[in-house]
Amino acid sequence: MQILVLHGPNLSLLGRREPGIYGSCTLPEIDRQLQALGRELGCDVTCRQSDVEGELVGWIGQAPGIFAGIVINPAAYTHTSVALRDAVAAAGIPVVEVHLSNTHAREAFRHQSYTAAVCLGQIQGFGPQSYLLGLRALHGFLSSTER
Ligand code: DQA
């Protein structure tokens, strides 16, 4: 089983970006943890990051037929992007949205997600663990015979 993990804008700065909110873990460290968990679960994890909305849209569009599902942190595009929402809705494969921080405990403009309603589910507020929980949830869903 192949799983795609997508990181949105500014997430390449993790480790030095607002550490009081996002912690000290870097993106390569998160990717290593995801790949280790993937090995444990028996799935192949491919991680990509982009600051460019269209590139993320393109990767989501190309995923069906290659990847069984997607874990995505759309970052700031969560709160702005109809294009990402439409890409997720069109993909037809399960997508789990994750956030490091609890966006509901932050500024009002972060309370709305354009993408959440077209995702299988959303996990947020657990730091890097949000990604690992998201991968576990997606893998569990894809492995379930009851879906
Ligand atoms: C974020 C939350 C977003 O509001 C913010 O724009 C980010 C990161 C998170 O993981 O907590 O860039 O998606």
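Keep in mind that the numbers below use all heavy atoms, side chains included, and drop hydrogens, waters and symmetry copies. Along the sequence shown, the residues carry numbers beginning at 1. Read the numbers this way: they start at 1 and go in the same order the structure lists the ligands and their atoms.
Residues Ile3 and Thr46 have side chains not in contact (no heavy-atom distance under 4.5 Å, counting atoms from C-beta outward). Here the side chains of His79 and His111 are not in contact, with every heavy-atom distance at 4.5 Å or above.
The shortest N/O to N/O separation between Asn73 and ligand 1 falls below 3.5 Å. Taking only nitrogen or oxygen atoms, main chain and side chain alike, Ala76 reaches within less than 3.5 Å of ligand 1. Ligand 1 has no N or O atom lying under 3.5 Å from any N or O atom of Thr103, backbone or side chain.
Among all protein heavy atoms, the one lying closest to atom 11 (O) of ligand 1 is Ser101 OG, 2.6 Å. For atom 6 (O) of ligand 1, the nearest non-hydrogen atom of the protein is Arg110 NH1, 3.1 Å. Among all protein heavy atoms, the one lying closest to atom 7 (C) of ligand 1 is Tyr22 OH, 3.5 Å. In this structure, atom 9 (C) of ligand 1 lies nearest to the protein heavy atom Leu100 N, 3.4 Å.
For the pairing with Leu84, the side chain to side chain contact (heavy atoms under 4.5 Å, CB included) check across Leu6, Thr78, Ile60 returns one residue only, Ile60.
Panel note: side chain Gln49, backbone Gly8; a donor-acceptor pair is recorded below 3.5 Å.
Taking the six-membered ring for Trp and the full ring otherwise, Tyr131 and His7 have centroids separated by under 6.0 Å.
Ligand 1 has Arg17 within reach: a non-hydrogen atom of the residue lies less than 4.0 Å from it. In this structure, His79 has a heavy atom closer than 4.0 Å to ligand 1.
Using a 4.0 Å cut-off between a side-chain N of Lys or Arg and a carboxylate O of Asp or Glu, Arg85 and Glu97 do not qualify as a salt bridge.
Side-chain contact, Glu53 with Ser81: a donor N or O sits under 3.5 Å from an acceptor N or O.
Looking at His99 against ligand 1, both its backbone and its side chain come within 4.0 Å, counting heavy atoms.
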